[in-house]
Every structure is written in C-alpha cells, then in structure tokens.
Amino acid sequence: MPAVPPASKSFSIDICYNYSDMETLQQALKRAIHDLFNTDLTPELTRPDEQFGDYATNVSMQLAGRLGKNPREVAEQLAAHLRESLSAEVQEVTVAGPGFINLRLSDVFLASAATAAISAAPRTLEGKTVIAEYSDPNPFKPLHAGHLYTTLMGDIIARLVAHAGAKTIRVNYGGDVGLHVGRCMWGILQYLGGERPEKLSEIAENERSKWMGTCYVTGNTAYENDEQAKAEIITANKRVYQLHKDNDHDSPFAQIYWTCRQWSYEYFATLYDQLQVVPFDRYIPESEVTPLGLQTVEEQLQKGVFEKSDGAVVFDGEKLGLHTRVFISSEGLPTYEAKDIGLSLTKWRDYQFDKSIIITANEQAQYMQVILAAIKQFAPEPAERTEHLTHGIVKLKGGIKISSRKGNGPSALDILQAAREAGAETGTNPSEDTILAAIKYAFAKNRIGGDVIYDPKESIALEGNSGPYLQYAHARARSILKKAANGGGELATFDEAERPLARKLSEYPEVIQKAIDELMPHYVCTYLYELAQAFNRFYEHAQVVGDPREATRLTLVRLYADILRDGLGLLGIGAPESI
RNA sequence: GCACCCGUAGCUCAGCGGAUUAGAGUACUUGGCUUCGAACCAAGGGGUCGCAAGUUCGAAUCUUGCCGGGUGCACCA
C-alpha cells in the first residue's frame, strides 16, 4: 500500500503519484472525519454526474446517524474542513441535497491524475500467486461456442490478475478419461472397423477434429439408443482408465487413444493461436490428477468425510444444505468429483496459491459448492482460497441455445465464421484483428454471469459500443498525433472542452481497480466506450493541430490513445495504428 | 418437489453493499461536414425498472410472497 501522502505538499505537474487521486482524497477525508468527529471511517467516494463535481461522498449521512446530528450540518462542517485541507487538490467543495459532499478537482490536480492514469494502475496483487483455470475443453469432444466464450473470458480475467501484479498461472484442465472418451473411442472404433491404429493415417490432417467430432456424435447417439453399444462404451471407458494405470502406449487400443488425444490437443492449440489468447502455463489432463483424487477420497472415506451409499462413495452435502454427490462410483471408478479433488490438491501442492480462480459455466455452480465443501473438511486452505466464477451461455441472436451435451450446437469455429461473414457484409473488409476485437468485446461487455446473446452483425459494426469501434477510435487518435509536427506539452489548465476529457482519463485507475477487485471485465468495456464518447465531444468542439492550445490538447489525445490501447490490451484486443 | 441464477426502453444491455432528474447502444425522427479520420456530434420520441406487500426521510437496488424464464439435484462431465 502506498504511504499516506504528506499533509502539505507543493504541487507541480511533473509529480506523478504512484497511487490514484482518489486515494489521496479519501485519506484527506478520512483525516477530516477523524479531526472533526473523532471517528474512524473509510469514506466511499463515487463519481457523480459531471454537473455536481468530480467526486462525491454520502459519508455525512452515515455519520449523522452515528453522531445523532443533522446530515446537512455534518456535511457543511466536513466541507469547510476540506476546503482548507485540500486547497491544492480541490477547487470547490459543495454540499447538495440531503448532505452529499461534491468535490471539484483543481486543474493542477486533475492534470496530475490524468497524466498518471496508466502508471497509477493498481498493483494490489503484487507478490501473490494466482491460478486462473479456464477453457477446460475435453479432448475427444468438439469445441463449441461456450468454450470460445469461457476461453476468452478466462483469458481476460487472467490478464486482469496479471495486470494487478500477481504471478499468474494459467491452467487448462481437460477430461482425457471418462465416459465421454468411451463414447468417442467407441465411435472411432466403429469408423476404423476395429482396433486398427494404422487406419488413422487415412484421415487428412485438416479433417481430424471434424472427424473426431463425428465419432463423438456417433458414440453419443449409440449410448442413448443402443443397449449393446452402451455396454461396449462402458467397457471402453474402463479400458481407457486401465491403459493409464498400465502406462500402456503400445496396444492397438492405446495407440488409437494416444494419437487421438494428441490430435485434440493440437486442435485446441490451433484455436488458441487463432484467438490470440495468452498461452497456458499448464495443461492438466484428468488422468494426471485421477490417482491423487481417488487416493484422497479413499483416505477421507476412512476418516468419515465421505461415506458409502449403495456401493458408491458419496459426500453428504445435504447436511450443509447442498447436494449429495458421488465421488467414486459403485463400479469403483472415480467420478468427475473425485478428479476435481485431485485437481485442487495438485494446484495447491504445486503452487501454494494465494488465490485460485476457476471459470466455468453457471451450471456447475452448485456442483462446485459441493466439491469445495468436501475439500474444506480435510484441506481448508485451498478450499477457502478458491473462487468459482461462473458465466452464462452463449446464444445466437434469434435464439438457439448452444448446448454442450448434444453434438449439434454451433462450434467455436462457427462463431468465428459468423463474425467473418457479418464483417464481409459490411463492405469494410475487416482484418482478422478486427474480427477478434468484435467477438472478444461482444463477450466481455456484459456483466459476467448472465447469458450472452451474440449478434455477429452488431459485434462487427463500426458504430456503437463495439470492439471495432474502439479500434477505430484509437486509430483516429493516432492519426491526429501523426499529423502534428510538435509533441505535446505538460498539462496544467483546462478549458471547457478539455476538462471533461481530462476527468474521464483520470478515472482509468479506479475502473481497473474495480474490475480487478470484482473480477468484472465489463467495467473496462463500459469505461472505454464512455471515454471514447468523451473524446468525441471534445474533438467536436476543439481543434487540436494548429490551435493555440495545441500542446495541451495533443497530450490529451496521446493519453486518450494510450489508455484505449492499454484497456483494449486488458481485453485481449489489439489496437492497430490504422484500421 | 427442493436449491441456485435471472426478469430495467421495440431489441441488446449498464446501473445492484440505498440517495441528487432511471442511463447507454441499436432502431426510429430531425439538424450539423470548404477545417485534424462525420465510423462522429447535437436534439427528440420511447420505461407502472415482472407483480404485490414490507422496512426507511428515500427502493430498480434491501426483505418476504407470488408470476415468468433458465440451470442444477448420486454413480455423465
């Protein structure tokens, strides 16, 4: 945490604080409250509508209740104190309504805050180790649109955490064992006409993922409709577990398994590459954590954390108001639950994390509660440090739900394709960079948790609240800078057109802080769009190049462009110089 | 049946540890380019914040109950 700034200080525009302007004001307000009322309270500062000021607080209403005083009176007293103690930082302190205190920053302080907006970004996770687990596709299954969403959101969350200074470990967990593998392997064997690994070479390299998808659907359909196939699939599933146990890479069945597993991973890598997400630090296949999960559940069964029920090993979540779930099936096979325990303990053993974030769809929310409740019984630390962040599903505008279970929803590549087609229709010939900006921004701009109705056309549109629009806004600002013969000057004073832009620039660190604290990327999107609007209003009324105030204005334009680039970067979106 | 999430403008969404006049985008109407990228700006119409109670000086926001939608509830993941 930054030190409390000295009580008196001379302001000069080349001073860049390593904390946000908000903290400075907050500390001063806190001291004022202490001085006047001998009460310790950390006041909340909000950004009110511009006509009221740059910051507002309703702390006097809180205090009034505690002190048994009139809120308006308390506000007046505080305001008088602040006019003295913040004379350099604040130009005007007013009391409004029932007792709101509105602060209007001095130009010099605002200048300092705007200039430092990027460098004042929070480093609240400095020295912490944070694991972000996301994407989590299963080998042997096709990537659907939901995977695309969860991958991009996870990437953004990880970027936020890293931005706050955390040592960030990006983990990708996937089911390379389990019934779905049995289904796909069964389908593969049907296609190959038996355990004939040599026939795999007949499948063209660029057809592999599609082919495996078809095999999965074949197996899935057979499992549901054909009793004999179902029995064979269950056997195939057991054989997959067995080959892991035996470390079998040679039997024909094992050769097929390992080859196809590899194909899946290659297919994932291709997609991640296309999406330009930060590469994962570690892939953890289920098979890797299965033994630890199984062993742990068996140990804890002895200690009474788990219990036997109908031949299965279960955790009685109902005692805790949760669901009861099976960890080891009556067949003796670990379920997803046991594997998840292995996964959590593996992360804990290998990284001793301060925080572990798991990003999945909403449908796993109650499931994960059971897992964490179970782990808490014997390993409280990792359980308490784990946060499960869930998101909704992706629907296409017009409304077909994209289902993960049925093999027939739009695939991740279908979404990319839809965006490209919508882009082609605009006639602006968007680059691949812009296509990605469209999709990423469309996914990120909604509050995480709800469903996303994806509209390719709207996402790629160059007007409105879209990724491509912000790329354009950035490029336009850069082009102004290129046009100028001179560099910018230091900020000192603002005129009517400049001030609202400067104020918006100064909000950046607070927005980033909030997005990181709450793990809510959409705050960044909302802010960037509002910033672009503030800029456009400025630009409408203010000539930059050639104006007497050119030096100041060029600096504002540069800060604006830099923040756009920085903010888009947090969203995994590029900011090209021209578009 | 029980549990969790969600109902804000025609559409897509912000706003949610209470507060100054409920906001954006889009669509629609109108005005603005001999000047730095008008992919923009300005103005207008459009909302019983699902419904109903409750708590308070004050509720889109908190509580309860309904109604509507989604998801999850033991050997799938």
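Chain A is the first sequence line, chain B the second, and so forth, proteins listed ahead of strands; every chain is numbered from 1.
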Q | Separation of atom CD in A/Glu540 from atom C1' in B/rA43, rounded to whole Å | A | 13 Å
Q: Calculate the interatomic distance between A/Asn465 atom CG and B/rC13 atom P; express it in whole Å.
A: 13 Å
Q | Any-strand Watson-Crick or G-U partner of B/rC51, both distances under 3.5 Å | A | B/rG65
Q) Going by heavy atoms closer than 4.0 Å, what residues in residues 313-326 of chain A are next to RNA chain B? A) A/Val314, A/His323, A/Thr324, A/Arg325, A/Val326
Q) B/rA24 pairs with which nucleotide, Watson-Crick or G-U wobble, both distances below 3.5 Å? A) B/rU12
Q: Kindly say if A/His522 contacts the phosphate of B/rG15, meaning a side-chain N or O under 4.0 Å from OP1 or OP2.
A: yes
Q. Under the criteria of a ring-centre distance below 5.5 Å and an interplanar angle below 30°, is A/Phe100 stacked with the base of B/rU20?
A. yes
**Q.** Geometric cation-pi criterion, A/Arg183 with A/Tyr223: 6.0 Å, 45°
**A.** yes
Q. So which nucleotide from B/rC36, B/rG37, B/rU71 ends up closest to the side chain of A/Glu363?
A. B/rU71
Q | Base paired to B/rG1 (Watson-Crick or G-U; both N/O distances under 3.5 angstrom) | A | B/rC73
Could you go through residues 518-534 of chain A and list every donor-acceptor pair under 3.5 Å that involves a side-chain atom there, pairing it with any protein atom two or more places apart or in another chain?
residue	atom	partner	partner atom	Å
A/Glu518	OE1	A/Tyr523	OH	2.8
A/Thr526	OG1	A/His522	O	3.0
A/Tyr527	OH	A/Lys504	O	2.6
A/Glu530	OE1	A/Lys504	NZ	2.8

Would you tabulate the nitrogen or oxygen pairs shorter than 3.5 Å linking the protein to nucleotides 49-51 of chain B?
none

Q | Sorted by number, the residues of residues 432-446 of chain A with heavy-atom contact under 4.0 Å to RNA chain B | A | A/Asn446
Q) For A/Tyr367, is the NZ or CZ atom of A/Arg325 found under 6.0 angstrom from the centre of its six-membered ring and inside 45 degrees of the ring axis? A) no
(Q) Ring centres within less than 5.5 Å and planes less than 30° apart: is that true of A/Tyr539 and B/rC36 in this structure? (A) yes
Q: From the options B/rG32, B/rC36, B/rC4, select the nucleotide whose nearest atom is closest to the side chain of A/Gln366.
A: B/rC4
Q) Across the strands shown, which category fits A/Ala475 at heavy-atom distances under 4.0 angstrom: base, sugar-phosphate, nothing? A) base
Output side-chain donor-acceptor pairs under 3.5 Å for residues 422-436 of chain A, partner residues at least two apart or in another chain, one line each.
residue	atom	partner	partner atom	Å
A/Thr426	OG1	A/Gly423	O	2.6
A/Thr426	OG1	A/Thr428	N	3.2
A/Thr426	OG1	A/Thr428	OG1	2.7
A/Ser431	OG	A/Asp433	N	3.4
A/Ser431	OG	A/Thr434	N	3.2
A/Ser431	OG	A/Thr434	OG1	3.2
A/Glu432	OE1	A/Arg420	NE	3.2
A/Glu432	OE2	A/Arg420	NE	3.3
A/Glu432	OE2	A/Arg420	NH2	2.7
A/Thr434	OG1	A/Gln471	OE1	3.0

Q) Using a cut-off of 4.0 Å on non-hydrogen atoms, how would the nucleic acid contact of A/Glu463 be classed: base, sugar-phosphate, or nothing? A) sugar-phosphate
Q: For A/Asp451, enumerate each residue passing the salt bridge (Lys or Arg N to Asp or Glu O under 4.0 Å) test, keeping only those at least two apart in sequence or located in another chain.
A: A/Lys395
Q: Sticking with atom P, work out how far B/rA42 lies from B/rG23, rounded to a whole angstrom.
A: 15 Å
Q) Watson-Crick or G-U wobble partner for B/rC36, using a 3.5 Å limit on both distances? A) none
